[in-house]
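Report on one structure; see the data block that follows.
Only heavy atoms go into these numbers, but all of them, side chains included; no hydrogens, no water, no symmetry mates. Below, chain A is the first sequence line, B the second, and so on; all start at residue 1.
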2 protein chains.
Amino acid sequence: MHKRSRKPARRGATASGLVFSFLETAEAVEARLEAAVNPLGLSLAKLAVLHFLADAKEPLPLSALAERQHCVRSNITQLVDRLEKDGLVRRRADSNDRRSVRAALTAAGTRAHAEGMDALRQVQRAIMGPLNAGDAESLRAALKALGS
Amino acid sequence: MHKRSRKPARRGATASGLVFSFLETAEAVEARLEAAVNPLGLSLAKLAVLHFLADAKEPLPLSALAERQHCVRSNITQLVDRLEKDGLVRRRADSNDRRSVRAALTAAGTRAHAEGMDALRQVQRAIMGPLNAGDAESLRAALKALGS
DNA sequence: GACCGATCGTTCATTGGTGAACTAACGCCT
DNA sequence: AGGCGTTAGTTCACCAATGAACGATCGGTC
């Protein structure tokens with residue numbers, strides 16, 4: 001037809017693609033992190049559990065892990081199942097509360113955590129490398145605006 | 001010990017938290033999109049399949065769907081299983097290639113696609129609302145830098 | 001001390017994704 | 001025509017996450 005009268009109405013056009021670009025980039029970034037820890041026999045989910053355990057410096061109840069991981073309890077049950085099978089974590093009974101089960105790091109778990117965090121730090125730097133200070137700052141601002 | 005000699009070495013410090021902020025925000029955004037289409041009996045994965053089918057305007061081989069979805073073929077097999085159970089898609093044999101199976105939109109599928117895309121557009125605008133033009137532009141730039 | 005509501009971990013079914021192994025069919029190629 | 005490498009879809013086992021249902025236990029409160 002003929003040209004648009006009035007405003008270009010690009011309002012929606014800018015936004016639409018951007019959301020999915022955002023998600024695709026996030027997916028790619030996550031894949032890079034995952035790929036960095038996979039060779040160590042770890043996943044991001046497993047490493048996160050090890051990290052909370054190492055951070056607390058004492059065995060934590062599974063519900064505490066669920067809370068920090070922002071996930072449901074049943075997920076932690078299975079994650080700890082696998083970590084236990086890997087020999088990185090051990091379930092210990094809580095003497096004060098017989099409902100509670102605490103996850104404790106094994107020696108292998110402590111080692112795996114150190115290695116995993118190391119690999120993670122490296123790839124994190126690699127990812128953020130191409131961003132100069134200004135880029136980083138405006139990205140931070142955009143994230144804050146999005147996470148309303 | 002004593003203060004750092006030389007450079008502040010903030011280089012890593014800025015980057016480290018940022019990667020995970022990025023991923024967390026992405027997760028939150030994705031959850032909002034998911035929540036927008038869930039009430040319609042859809043998921044983002046299902047809607048994407050419907051979208052490719054509607055876009056092509058003809059039944060597509062499952063491998064074509066896998067390619068566009070950037071996922072493995074076995075995933076599409078199961079996704080189409082569920083979509084077929086929902087009555088949104090039908091499997092049709094390909095007369096030219098007997099190995100191939102094409103996914104075809106049903107009438108219900110076409111309807112669901114329209115509704116889903118509608119809901120999606122709305123929530124997309126809501127998400128990008130708090131970003132002014134400058135924010136959007138610098139976000140775009142940052143994404144380009146990250147998606148190396 | 002007995003009941004009752006909340007909390008803790010587990011189990012199960014479902015969704016979504018991967019990768020390996022397998023069968024059927026296609027296309028060459030000589 | 002026969003043989004062989006490739007492609008298409010499925011199946012299976014696994015990882016990660018959700019949500020509902022359930023049994024055990026803990027804390028009041030009555």
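- Residues passing the side-chain contact (heavy atoms from CB on, under 4.5 Å) test with Ala36(A) are Val123(A), sequence neighbours excluded.
- Of the residues in residues 44-65 of chain A, those with a non-hydrogen atom less than 4.0 angstrom from any atom of DNA chain D are Ala45(A), Lys46(A).
- Checked against salt bridge (charged side-chain N to carboxylate O under 4.0 Å, His left out), Glu115(B) has no partners two or more places apart in sequence or in another chain.
- Contacts classified as salt bridge (Lys or Arg N to Asp or Glu O under 4.0 Å) and involving residues 59-74 of chain B (residues at least two apart or in different chains) are not found.
- Listed by residue number, Arg91(A), Arg99(A), Ser100(A), Val101(A) are the residues of residues 89-104 of chain A with a heavy-atom contact under 4.0 Å to DNA chain C.
- With sequence neighbours left out, Glu34(B) forms a salt bridge (charged side-chain N to carboxylate O under 4.0 Å, His left out) with no residue at all.
- Every residue two or more places apart in sequence or in another chain that forms a side-chain contact (heavy atoms from CB on, under 4.5 Å) with Arg91(A) is listed here: Leu62(A), Thr77(A), Val80(A), Asp81(A), Glu84(A), Val101(A).
- Contacts between chain B and DNA chain C, taken as any atom within less than 4.0 angstrom of a protein heavy atom, begin and end at dT15(C) to dC26(C).
- Interface limits on DNA chain D: the 5'-most and 3'-most nucleotides within less than 4.0 Å of chain A heavy atoms are dC15(D) to dC26(D).
- When the side-chain contact (heavy atoms from CB on, under 4.5 Å) test is applied to Gln69(B), the partners found at least two apart in sequence or on another chain are Ala48(B), Val49(B), Phe52(B), Cys71(B), Ile76(B), Leu79(B).
- Every residue two or more places apart in sequence or in another chain was checked for a side-chain contact (heavy atoms from CB on, under 4.5 Å) with Arg98(B), and none qualifies.
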Donor-acceptor pairs under 3.5 Å, side chain of residues 102-112 of chain B to any protein atom, not counting sequence neighbours: which ones?
| unit_1 | atom_1 | unit_2 | atom_2 | d |
| --- | --- | --- | --- | --- |
| Arg102(B) | NE | Pro59(B) | O | 2.9 |
| Arg102(B) | NH1 | Asp94(B) | OD2 | 2.6 |
| Arg102(B) | NH2 | Pro59(B) | O | 3.4 |
| Thr106(B) | OG1 | Gly87(B) | O | 2.7 |
| Thr106(B) | OG1 | Leu88(B) | O | 3.2 |
| Thr106(B) | OG1 | Ala108(B) | N | 3.4 |
| Thr106(B) | OG1 | Gly109(B) | N | 3.0 |
| Thr110(B) | OG1 | Thr106(B) | O | 3.0 |

